[in-house]
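Here the structure is laid out as structure tokens; the discussion comes afterwards.
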Amino acid sequence: MNSKASSSLVLVVAVAWLVFETIGGEASTTKEAEALLHWKSNLQTQSLSSWSPNQNPCLWLGISCDDQGSVTQINLSNASMQGKLDSFNFSSFPNLNHLNLSSNNLSGQVPTVIGTLAKLTHLDLSTNQLSGPIPQEICNLTNMAQIWMSANRLIGPIPSNIKNLIHLTHLMLSSNQISGTIPQEIGMLESLTHLSLYTNQLMGRVPPSLGNLTNLQRLFLDGNNISGTIPKDIGNLVNMVQLGMPDNHLVGSIPSGIGNMTNLTFLYLFGNSLSGSIPRELGNLKKMVELSLSDNLLTDSIPSTLGNLTTVAVLYLGRCRLSGLMPTKEMENFTRLQYFDVSDNNLYGHLPNEICRGGSLERFIVSNNHFQGPIPTSLKNCTSLIRVRLERNQLTGNTSQDFGVYPKLKYIDASYNDLYGELFPNWGKCTNLTKLGLNSNKITGRIPPQIGQLTQLEELDLSSNALVGEIPKELEMLSSLFSLNLCGNQLSHMLPSQLGRLSKLEKLDLSANRLSGPIPEQLGALSKLWLLKLSQNNFDGSIPSNQPSNLQFLDLSHNFLTGEIPPQLGGLQKLENLSLSHNMLSGSIPSAVARQASLVFLDLSYNQLEGPLPDGIAIERASPEAFQNNGGLCSNAKGLPPCNSSSTSHGNARKVVVLLVVIVFLALFVFTGLVGIIYFLKHREKIAERKAKETSRGEIDIFSVLNYNGSDLYNDIVSATDNFDDKNCIGKGGYGKVYKAELATAHVLAVKKIHSFEDGDAAAQNAFRNEIQVLTEIRHRNIVRLYGFCLHVQHKFLIYEFIERGSLASFLRSDQAAVELDWIKRVKVIKGVAHALSYMHHDCIPPIVHRDISTNNILLRWNFEACVSDFGTARLLKPDSSNWTTLAGTYGCIAPELAYTMRVTEKCDVFSFGVAALEVMMGRHSGELIYSLSTSHSRNMLLKDVLDQRLPPPVDDVADEVILTMVFALACLQEHPQSRPTMRHVSQELSTCMPPFPVPFNTVKLSQLMDLKV
């Protein structure tokens, strides 16, 4: 064959091949187009209008082809498609290498035929509604480089033959419902750079084989049920940039090998049960931007090496149980810091003074620690601040000098510290504030009217300070306010009616102030208000009938309110707690109030109510104490006198009786006066002679008692006690003996005969008189009433009401009596003592510290109501005094700081209360347990083994109350006084309903109770 023929043959073959390829390519393109159109017909979408049979599919939206016209890429991300993949013929696309259908609304399962896409390298089905398991066939795609299936509803395990995908760099399966364990085989994917499995239902351990993935840069396992320890092999991942394992059940220590990941910028391990100390090696991570180890069980102090992380923007170490001294100097190296959180630990020392040196700090959270010293000076000019939490420390500072103007600040809480000075008027310029909390400090002065400029403010808490003056009417401008708490101050004048314009207000607490005048009727317009506390003020007038319709808690007790109880209170369908005690209310109890089904607590004691007790569920629920000291109430129940004609008469008949009584009384008064004058004239010489003798001895016969002739009563007491014979002695103390005196009038008194003063000790006598005069003003149901006192040449004694059941200590010592004192009664006793101390510390001016709270000095009424007694060592705390004292009190109950400071504060009583409360619950003195609470053995003791074994274990709601009581008893025993709660806080919390404890009662450990923040 010649060369010409040969060339012709080659040309024919080439043309034939070209024709064949063209026909084959057209056939392939036609097949792919038909497959796409068929799939489109089964979808709901408006974005594929360009897909037309008359147009080349390579020109369609989201379709890319190779030179032969075959489809290689389908990118329909965010195309508003709704439907399934069942009708998508995967086998029609032999050259497809990229498939992106993310961010649509595709549902159903991922078809197994997806495994036929042999050339596929990138698959993105994320952010759809796909369900079912991950098909095993996907692991046949050995050319795969990236798999994205996050944010779907996939279930089942990760296929173990994932190991076949040796070219895989991205495996993104987060935010599904994938279960099972992380397969060890993932450790064979040596090309992997991104592994994201967060927010699934994975369990088991972190496989050590992950340490083989030396190219891994990002690993996210957040929000699963992964347990066990973090494998040490994780330190091999030297190329890691972001590592996240938070919100799992990891235990053990943080591997020090993480310090080898010198490229690490983000480390998230929060929300686990990791223990041990923070590795010093973390200081090697000098590229760190965000470090979060919070909500773990870490111990020891913050390593100073963390100061090397000068590029860190977020340092989150809150709720870790860390302890020790804050590395203050090192923490001042942060120049890019935006978020600093070390809250809920046991750290102490000073805060970093230059914490805002970079000027970018937004969140500064150091609450619930033991920090002392001043507020960092750099915070004053830190205008970037958004959220500041300093509460529950021992920080000092002047509130009018140490804070600045913060245009971005939304939240600040500096409560429970030692801040002083007056309120900063420039707070009004922090116009983005939603919460301002400065309660429980030592702030004085007036509330500045500029506070009214905070129109975004939702919570204002200035309670438990020493604020004076009136409540500014400008507060009416706080249109977003839902909580206002000004209780426990010395605010005076009338309550501004303008507060009735705070339409969003839900909680209003103005209790324990000196407010006066009538209660404004405008408060009735606060339709969202559910808590209103105006107790312990000087309000007078009648109770407004138009109360807020959503009220659940109404406390108007301890005022001077008069008139009748408005029947409209019975129309408050949500009212659960109503306290009107210690007023001067008259008339009968409205039947509508008695029938109020929602009322679970009612207290109408210490008023002038009269008439029969009406029937109703609210009356049935109330305790007998709720009606005591109302002379005119009668009933055959609740411990009231039975009703009869005289007690139930009304109107004119009652007026006639009252008039007759007045006439008889006046007649007797005139007669007694005449007899007295005659007696005086007859015996004045003897009286003068006796006074002269007493004056020569330097003593005066001083006797003060309510509504009784002192001289006669003195003689009656001496007679009733057989001249203070020991047979009538019912108790002994360091300052004298207590005698029972049954008078001829049928009154029973408790008389405490005190030891004599030293001769010529006039100062002691004067101090005694002054303090007794204050104590006679105390009026509280949980404090033994002091009727009077006597300073006589022969006998010096105090006269108290007689408490029927005697001391709490005697009950606990007797096995028989201890059984009668069941868990409900014991909790009631402890609550009563807490209420008494709260009253003494926060409602008396000046405050009174008892200094000798013990079970010996707690008496029990007939109904097991607790009464604090024996004020022989009590001390009045004067604000301008150092309050230094000699050591006094019962051994084993004295606060430890008194041994070296001798400075009396309310926190001394708090400690003694904790000791007494623990003794009540244990049935024996708690000294041994208290001194061993710091040891692991005592902390791991079960609560049920600590409680009094003479009683069966508490159950149900009673168990929850016992737990709550123990939580606060232990909290009161903190070594540092400032760490102990106030008695007002204890009293309030013990009166609330506690939700069930999250673990069974029989498994509760002391450590769990001690670690709760109160």
Side-chain angles (χ1 to χ4, degrees), residues 169-170 172 174 190-198 206 210-222 230-247 250 253-272 274 276-296 298 301-318 320 322 326-342 352 354-365 384:
T169 61
H170 291 66
M172 318 298 282
S174 59
E190 296 182 358
S191 299
L192 208 61
T193 59
H194 292 69
L195 177 59
S196 181
L197 305 176
Y198 67 84
V206 179
L210 292 186
N212 300 329
L213 306 178
T214 54
N215 291 308
L216 200 61
Q217 298 175 18
R218 290 171 174 81
L219 172 62
F220 300 113
L221 305 178
D222 329 16
I230 301 175
K232 295 181 180 180
D233 312 70
I234 207 84
N236 299 334
L237 308 181
V238 294
N239 290 306
M240 188 71 73
V241 176
Q242 297 182 1
L243 173 60
M245 299 183 181
D247 291 326
L250 297 171
S253 59
I254 300 173
S256 59
I258 291 181
N260 299 330
M261 303 178 181
T262 53
N263 292 309
L264 202 61
T265 59
F266 294 82
L267 176 60
Y268 303 115
L269 298 177
F270 60 85
N272 284 287
L274 298 170
S277 57
I278 299 175
R280 294 181 55 82
E281 290 79 3
L282 295 189
N284 300 333
L285 309 178
K286 297 185 179 181
K287 296 182 181 180
M288 185 64 67
V289 176
E290 295 188 16
L291 174 61
S292 180
L293 308 177
S294 63
D295 295 285
N296 277 290
L298 301 171
S301 59
I302 299 174
S304 59
T305 55
L306 292 191
N308 298 333
L309 310 180
T310 56
T311 60
V312 72
V314 174
L315 183 61
Y316 196 7
L317 304 177
C320 285
L322 296 169
M326 166 73 81
T328 303
K329 184 177 180 180
E330 291 80 0
M331 291 293 175
E332 295 181 346
N333 294 331
F334 305 138
T335 57
R336 303 182 185 178
L337 194 63
Q338 298 175 14
Y339 195 142
F340 183 80
D341 187 347
V342 294
E354 297 298 325
I355 194 68
C356 189
R357 65 183 304 178
S360 56
L361 187 65
E362 296 178 355
R363 290 171 172 81
F364 185 61
I365 318 293
S384 57

Interatomic distance, [X] atom [atom1] to [Y] atom [atom2] [nearest 0.5 angstrom]:
X: T265; Y: K287; atom1: OG1; atom2: NZ; result: 9.0 Å
X: T305; Y: L285; atom1: OG1; atom2: CG; result: 9.5 Å
X: L282; Y: I258; atom1: CG; atom2: CD1; result: 6.5 Å
X: L337; Y: T311; atom1: CG; atom2: OG1; result: 11.0 Å
X: K329; Y: N333; atom1: NZ; atom2: CG; result: 9.0 Å
X: I254; Y: I278; atom1: CD1; atom2: CD1; result: 6.5 Å

Using a 4.5 Å cut-off on heavy atoms from C-beta on, say whether the side chain of Q338 contacts that of R363.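 No. Closest side-chain heavy atoms not under 4.5 Å.
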
Any V342 side-chain heavy atom under 4.5 Å of M326 side chain: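 V342 vs M326: side chains touch.
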
Has the side chain of [X] got a donor or acceptor atom that lies under 3.5 Å from a matching backbone atom of [Y]?
X: T169; Y: S191; value: no
X: E332; Y: E354; value: yes
X: N272; Y: M245; value: yes
X: N296; Y: S294; value: yes
X: N215; Y: E190; value: yes

Work out which heavy atom in [X] is nearest to a heavy atom in [Y]; give both atom names and the distance.
X: Q242; Y: M240; result: O-SD, 3.3 Å
X: G244; Y: P246; result: C-CD, 3.2 Å
X: L237; Y: M261; result: O-CG, 3.4 Å
X: L315; Y: M331; result: CD2-SD, 4.1 Å
X: L195; Y: L210; result: CD2-CD2, 4.2 Å
X: P255; Y: P279; result: O-CG, 4.3 Å

For the residue pair [X] and [Y], does the interplanar ring angle fall in the parallel (under 30°), tilted (30 to 60°) or perpendicular (over 60°) class?
X: F270; Y: Y316; answer: tilted
X: F266; Y: Y268; answer: tilted
X: F340; Y: F334; answer: tilted

Working note: R218 + T193, criterion side chain to side chain contact (heavy atoms under 4.5 Å, CB included); need CA distance, chi angles, decisive distance, verdict. CA-CA 6 Å; R218 290 171 174 81; T193 59; over 6 Å; no

Any donor-acceptor N or O pair under 3.5 Å, side chains N308, K286: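 Not at all, the side chains of N308 and K286 share no donor-acceptor pair under 3.5 Å.
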
Pair R280-S304, side chain to side chain contact (heavy atoms under 4.5 Å, CB included): steps then yes or no: CA-CA 8 Å; R280 294 181 55 82; S304 59; 4.1 Å; yes

Given L213 and L219, is the side chain to side chain contact (heavy atoms under 4.5 Å, CB included) satisfied, shown in steps? CA-CA 10 Å; L213 306 178; L219 172 62; over 6 Å; no

For L274 and L298, what are the C-alpha separation, side-chain angles and deciding distance, and is it a side chain to side chain contact (heavy atoms under 4.5 Å, CB included)? CA-CA 6 Å; L274 298 170; L298 301 171; 4.3 Å; yes

